[in-house]
Amino acid sequence: MEPIDSDLEYAARKSQYDTHPEKRFNWLYIFPVLGVVWLLYLVAAAIFQLPVTGVVDDVMVLMILLLAVMVGLMFWANAPRSHQ
C-alpha cells in the first residue's frame with residue numbers, strides 16, 4: 001500500500017523579503033542613479049553651453065527632499081521584520 005501524502009515535504013510559503021532581507025536595500029540604488037543623471041546634465045550643459053540657472057534651485061529643493069526620503073528608506077530597510 002502506498003502512503004497518502006505522508007512522505008511529501010511541504011515548504012512554507014515565504015515572502016520575497018523573508019528569503020533575502022537585503023533586498024530592501026535595493027531601493028537605495030535610485031539615489032546614485034539620480035546623481036549620475038544630474039552629472040550628465042551638468043556635463044552636457046558645460047559642453048553645449050546650456051544655461052542651468054533656472055534648474056539649479058529646483059534641483060537643490062529636490063535633493064533636500066530626496067535626502068529625507070533616503071533617510072526614511074534606510075530606516076525602513078534596517079527595520080526588524082514584524083514576524084520575528
Worksheet item: Of all residues at least two apart in sequence or in a different chain, which pass the ring-ring contact (aromatic ring centres under 6.0 Å, His included) check with Tyr41?
Response: Trp38
Discussion item. Taking Val55 as the starting point, is it possible to reach Met60 by hopping between hydrophobic residues whose side chains are less than 4.5 Å apart?
Written reply: yes
Worksheet, complete the sentence: Tightest non-hydrogen contact, residues Leu66 and Phe31, listed as O-CE2, 3.5 Å
Practice prompt. State whether the number of non-hydrogen atoms from other residues, nucleotides or ligands found under 6.0 Å of Met74 atom CE is greater than 12.
Written response: no
Discussion item. Let me check something: do Leu34 and Val56 share a hydrophobic cluster, defined by ILVMFWY side-chain heavy atoms less than 4.5 Å apart, either directly or through other members?
Written reply: no
Worksheet item: Which heavy-atom pair separates Ala44 from Leu50 by the least distance, and what is that distance?
Response: O-CD1, 4.2 Å
Item to complete: Output the distance between atom CE (Met70) and atom CD1 (Ile30), rounded to the nearest 0.5 Å.
Response: 13.0 Å
Worksheet item: Do the side chain of Arg24 and the main chain of Asn78 share a donor and acceptor less than 3.5 angstrom apart?
Response: no
Worksheet item: Any link between Leu67 and Leu73 through a network of hydrophobic side chains (Ile, Leu, Val, Met, Phe, Trp, Tyr) touching at under 4.5 Å?
Response: yes
